[in-house]
Amino acid sequence: MKTKYKIEDKDLITAIFQNSNDGIAVVGKDGEFKIFSPGMKKLIGYDIKEAPTLEIAIEKLFTDPSLKTEVLELWQKDIKSDHPPARTFFIKHKNGEKRWCRFQLSPLNEDNV
């Protein structure tokens, strides 16, 4: 017998958010992070206090100045899009390790991505 869950099940959503290995973040259209999952911190090494905005996160994650500018421009464009594409970048984790990371922005409502 399959158990069906409603999307409104807040305990289930919280458990997924807290335990996912994927990084999940909510960012406002102003570029400020609203929430950061524990998986996001594992992925990039920074928490929301250390990287409170997209601009600051980009500054920390990308070492090439031209790539920082390109990523910021792409994400600012993507934030306004109804169907932004997934983007894969080579980032620098807080511990100095370099890794490939796939980012997918998903529109939530008129205020958040």
Side-chain angles (χ1 to χ4, degrees):
M1 176 180 203
K2 289 185 179 181
T3 303
K4 292 186 178 182
Y5 295 98
K6 293 181 181 179
I7 195 73
E8 294 86 15
D9 186 337
K10 291 182 183 179
D11 291 338
L12 176 63
I13 300 302
T14 299
I16 292 168
F17 181 80
Q18 292 295 331
N19 296 297
S20 175
N21 286 322
D22 292 331
I24 302 169
V26 175
V27 63
K29 300 258 183 193
D30 59 0
E32 185 176 321
F33 288 108
K34 308 299 182 192
I35 57 174
F36 237 56
S37 72
M40 189 65 149
K41 184 175 181 186
K42 287 180 203 171
L43 181 67
I44 67 171
Y46 298 97
D47 62 28
I48 197 168
K49 291 177 186 168
E50 296 169 297
T53 67
L54 269 179
E55 192 169 354
I56 292 170
I58 289 168
E59 184 64 33
K60 292 176 180 285
L61 297 174
F62 298 93
T63 55
D64 179 341
S66 63
L67 186 57
K68 289 179 188 185
T69 302
E70 178 184 348
V71 171
L72 183 58
E73 288 172 359
L74 287 170
W75 279 348
Q76 286 172 335
K77 177 182 155 194
D78 290 350
I79 283 174
K80 296 173 183 138
S81 173
D82 289 336
H83 303 287
R87 300 193 186 275
T88 303
F89 300 108
F90 200 55
I91 65 165
K92 186 176 111 183
H93 188 276
K94 182 179 178 179
N95 69 10
E97 177 184 287
K98 305 256 173 125
R99 53 177 69 173
W100 287 102
C101 187
R102 180 179 172 267
F103 294 91
Q104 176 67 56
L105 300 180
S106 301
L108 298 177
N109 58 37
E110 65 266 3
D111 296 323
N112 300 303
V113 180

Undergrad: Rounded at 0.5 Å granularity, tell me how far CZ in R99 sits from CG in L61.
TA: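 The distance works out to 10.0 Å.
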Undergrad: Got a second to check how far L43's CG is from C101's SG, nearest 0.5 Å?
TA: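 Answer rounded to 0.5 Å: 4.0 Å.
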Undergrad: CG of D78 to CG of L54: how many Å apart, nearest 0.5 Å?
TA: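 Rounded to the nearest 0.5 Å, the CG-CG separation comes out at 10.0 Å.
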Undergrad: Taking atom CZ of F89 and atom CG of L67, what is their separation to the nearest 0.5 Å?
TA: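 It is 6.5 Å, given to the nearest 0.5 Å.
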Undergrad: With sequence neighbours excluded, tell me which residues meet side chain to side chain donor-acceptor pair (under 3.5 Å) with S66.
TA: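 Once residues adjacent in sequence are excluded, the partners of S66 under the side chain to side chain donor-acceptor pair (under 3.5 Å) criterion are D64.
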Undergrad: Taking salt bridge (charged side-chain N to carboxylate O under 4.0 Å, His left out) as the definition, give me every residue that meets it alongside K42, ordered by chain and number, with sequence neighbours left out.
TA: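 So K42 forms no salt bridge (charged side-chain N to carboxylate O under 4.0 Å, His left out) with any residue.
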Undergrad: I'd like to check the side chain to side chain donor-acceptor pair (under 3.5 Å) partners of N95; sequence neighbours left out, ordered by chain and number.
TA: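 In terms of side chain to side chain donor-acceptor pair (under 3.5 Å), with neighbours along the sequence ignored, N95 is linked to H93.
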Undergrad: Tell me, do F17 and I35 make a side-chain contact under 4.5 Å, heavy atoms counted?
TA: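 F17 vs I35: side chains touch.
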Undergrad: Once side-chain contact (heavy atoms from CB on, under 4.5 Å) is applied, do any residues pair with P52, and if so which ones, sequence neighbours excluded?
TA: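 Listed in chain order: I56.
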Undergrad: Considering all heavy atoms of both residues, which atom of K60 and which atom of A51 are nearest to each other, and what is their separation?
TA: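 Heavy atoms of K60 and A51 come nearest at CD-CB, 4.5 Å.
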Undergrad: To the nearest 0.5 Å, what is the distance between CD1 on I24 and CD1 on I16?
TA: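 One finds 8.0 Å between CD1 of I24 and CD1 of I16.
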Undergrad: Go through the structure and list residues passing ring-ring contact (aromatic ring centres under 6.0 Å, His included) with F103, not counting sequence neighbours.
TA: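 Result, ring-ring contact (aromatic ring centres under 6.0 Å, His included) vs F103: W75.
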Undergrad: Apply salt bridge (charged side-chain N to carboxylate O under 4.0 Å, His left out) to E73 and list each qualifying residue two or more places apart in sequence or on a separate chain.
TA: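 By the salt bridge (charged side-chain N to carboxylate O under 4.0 Å, His left out) rule, E73 matches no residue at all.
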Undergrad: For T63, enumerate each residue passing the side-chain contact (heavy atoms from CB on, under 4.5 Å) test, keeping only those at least two apart in sequence or located in another chain.
TA: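 Counting only residues at least two positions away or on another chain, T63 forms a side-chain contact (heavy atoms from CB on, under 4.5 Å) with K92, K98.
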Undergrad: Which residues satisfy the side-chain contact (heavy atoms from CB on, under 4.5 Å) test with Q76, sequence neighbours excluded?
TA: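 In terms of side-chain contact (heavy atoms from CB on, under 4.5 Å), with neighbours along the sequence ignored, Q76 is linked to L72.
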Undergrad: Only pairs at least two apart or in different chains count here, so list each side chain to side chain donor-acceptor pair (under 3.5 Å) that has a residue in residues 45-54.
TA: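 Pairs touching residues 45-54 that pass the test: E50-K94.
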Undergrad: Filter on ring-ring contact (aromatic ring centres under 6.0 Å, His included), then keep only pairs touching residues 19-38, sequence neighbours left out; what's left?
TA: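 Output for this query lists F33-F36.
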Undergrad: Residues in salt bridge (charged side-chain N to carboxylate O under 4.0 Å, His left out) with E55, at least two apart?
TA: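 E55 satisfies salt bridge (charged side-chain N to carboxylate O under 4.0 Å, His left out) with no residue once adjacent residues are dropped.
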Undergrad: Considering residues at least two apart in sequence or located in another chain, which fulfil the side chain to side chain donor-acceptor pair (under 3.5 Å) criterion with Q104?
TA: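 By the side chain to side chain donor-acceptor pair (under 3.5 Å) rule, Q104 matches no residue at all.
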Undergrad: Rounded at 0.5 Å granularity, tell me how far CD1 in I79 sits from CG in L74.
TA: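 So the gap between those two atoms works out to 11.5 Å.
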